[in-house]
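The sequence lines fix the lettering, A, B, ..., with proteins before strands; numbering per chain opens at 1.
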Amino acid sequence: MPDPVLQVRDLEAGYGHVSVLRGVSLDVAAGEIVTIIGSNGAGKSTLMKAITGFLHLTGGTVTLDGRAITGTAPEKLVRRGLALVPEGRMLFGPMSVAENLALGAHTRTSATEIAQDLERVQALFPVLAERAAQPAATLSGGEQQMLAIGRALMSRPHVLLLDEPSLGLAPKVIADIFGVLDGLRAEGLGILLVEQDANLALKHADRGYVMRTGHVVLTGTAEELANNDDVRLIYLGAWHGNE
Amino acid sequence: MNSAELLQFVASGLQNGAVYALVALGFTLVYASTGIINFAQGEFFMLGGMLAVAGVRAGLPLPFAALASVVLTASIGLLFERVALRPRRDSGPTVLIIITIGGSMVMKSLARHAFGPNELSLPPFSPGVPIVFAGASIDRQVLWIWGLTIVAVVALTFLYSKTKLGRAMRACSLSHDAARLMGIDTARVVMISFGLAAALGALGGVAVAPLTQTAFDVGSRAGLKGFAAAILGGLGNPIAAVVGGLVLGLLESLSVAFISSTYKDAISLVVLLAVLFLRPQGLLGKSRREKV
Ligand SMILES: Nc1ncnc2c1ncn2[C@@H]1O[C@H](COP(=O)(O)OP(=O)(O)O)[C@@H](O)[C@H]1O
Ligand SMILES: [Mg+2]
């Protein structure tokens with residue numbers, strides 16, 4: 001495997017006195033999609049918040065492009081090249097699609113580069129150009145997810161973290177969004193993808209980690225995980241007959 | 001009552017209303033970026049007038065003293081946020097609001113020590129006889145108050161809707177976490193809001209001081225009026241604060257015209273309670289803030 005752009009080692013974090021992550025390690029390299037699967041409450045979103053600096057870390061390290069970012073504030077990590085599409089999207093609802101995208105480029109200074117990236121994002125998600133003037137809150141769920149991803153891309157990240165981008169969306173929209181993620185990987189972006197839908201995640205990912213109660217319990221290539229009996233039984237719903 | 005008299009009351013209402021609007025804008029800005037009510041807002045109004053008087057007494061030309069007072073008060077606002085509030089920002093709104101009440105007491109007593117207990121006066125910006133318009137006589141200083149309020153509102157609206165800082169401020173007012181995800185330094189935005197709020201309060205204090213005198217203790221009353229105006233407008237956006245201020249000023253003035261001057265100061269309390277009971281989102285507020 002090439003040098004990882006994102007490296008997480010023995011990460012421990014939680015909420016107040018409740019510890020949730022109990023030593024999580026993972027790597028993401030440029031140009032790969034790495035997925036984290038696990039059931040509800042396994043600690044996937046907590047891991048995202050810990051990596052992006054929203055939680056106080058009680059142990060472990062995070063390295064981005066070879067530099068330690070452990071304990072760095074979220075607003076500074078964006079400048080270092082880390083972007084998160086959070087659970088629930090966290091769009092600025094009353095603000096227009098265009099303004100949401102502009103906010104995604106808040107840390108950037110070159111107007112030319114911002115304009116180029118806006119064009120690129122609008123090419124990936126044409127609906128964002130059509131609805132540029134509309135308040136974000138008036139978009140459909142799928143469009144909102146596209147906006148959240150587009151907004152994150154406007155910071156020109158090296159690593160993109162996504163927390164359950166497929167949640168509540170129609171299969172057609174999910175296919176569009178994951179098609180875009182495949183394309184971004186081909187351009188060399190490192191993607192860390194949290195998904196509850198393990199089937200979907202393993203179809204698109206190169207490698208994966210399975211989380212349970214704050215631990216990584218299993219890791220391997222997407223193919224290995226998809227063929228693992230435990231994964232098939234617990235996360236892929238093999239007892240319903242595999243799709 | 002003839003139409004000239006009525007016009008006189010309306011002008012007086014809009015004069016006070018403009019000052020309330022400036023103070024209310026300060027409440028609105030801080031509320032937008034922090035979700036708290038800054039009970040020291042009235043003291044920024046007081047400092048505006050007092051520091052301008054002090055500047056004139058120290059020999060500064062009046063325009064320079066007025067400007068210096070606004071700038072100095074803005075710095076006090078920035079410093080107040082940085083020193084008194086930021087260290088406790090994780091303690092929750094109640095603690096922060098109590099700190100603003102404490103800050104207001106400190107500013108008031110420091111002002112009493114520095115400037116004494118007496119009423120002080122600031123010379124008018126443009127000396128001269130009042131201007132007579134349709135039978136009503138309007139003091140030249142009132143035109144200054146209106147002019148400065150309009151300039152402040154236009155500048156603020158421009159800042160809010162057209163600049164990167166303004167966009168970041170609006171993002172912060174919707175969600176600090178989402179704003180931080182964009183790389184916005186929310187602590188800095190909060191501090192700037194306090195600075196702007198202080199500057200607006202001070203502007204009101206400077207502009208009205210030549211008409212009403214000023215003293216170390218004028219902040220509480222100005223704070224109450226500005227707060228009532230902000231609540232009346234709905235604490236939503238700059239325009240709402242201005243509408244709230246003007247409506248409150250007019251209500252007060254018309255109560256003097258049609259009822260009695262005895263109740264003038266009670267109007268803001270009545271308005272405050274009525275809004276909180278009947279229409280907590282204010283005149284222009286939406287019933288709930290939209291969120292995704
Ligand atoms: N804000 C919070 N405060 C306290 N506990 C939380 C909070 N968010 C999540 N948790 C707890 O942390 C654990 C992991 O949650 P989460 O990371 O959201 O799981 P997942 O994203 O895998 O569904 C759960 O037990 C959850 O109850
Ligand atoms: Mg989750």
Considering all heavy atoms of both residues, which atom of B:L181 and which atom of A:F54 are nearest to each other, and what is their separation?
CD2-CE1, 3.8 Å
Using non-hydrogen atoms and a 4.5 Å limit, figure out which bit of A:A83 sits close to chain B: side chain, backbone, both or neither.
neither
Any side-chain heavy-atom pair from A:H106 and B:R167 closer than 4.5 angstrom?
no
Kindly check if the number of other-residue, nucleotide or ligand heavy atoms within 6.0 Å of CZ (B:R82) is above 12?
no
Shortest non-hydrogen separation from B:A178 to A:M90 and the atoms involved:
N-CE, 3.4 Å
Under 4.5 Å to a heavy atom of chain B? For A:R108 that would be backbone
Can you tell me how far apart CG (A:L91) and CG (B:L174) are? Round to the nearest 0.5 Å.
11.0 Å
How would you list, in number order, the residues of residues 117-128 of chain A that have a heavy atom less than 4.5 Å from chain B?
none
Spatial distance of atom CZ (B:R170) from atom CZ (A:F92) [nearest 0.5 Å]
10.5 Å
State, with a plain yes or no, whether a side-chain heavy atom of B:M182 is found less than 4.5 Å away from one of A:V78.
no
Distance, nearest 0.5 Å, that separates CZ of B:R180 from CD of A:E75
4.0 Å
Side chain, backbone, both or neither: which part of A:T107 has a heavy atom under 4.5 Å from chain B?
both
Quick check for you: to the nearest 0.5 Å, what is the distance between A:E99 atom CD and B:S161 atom OG?
8.5 Å
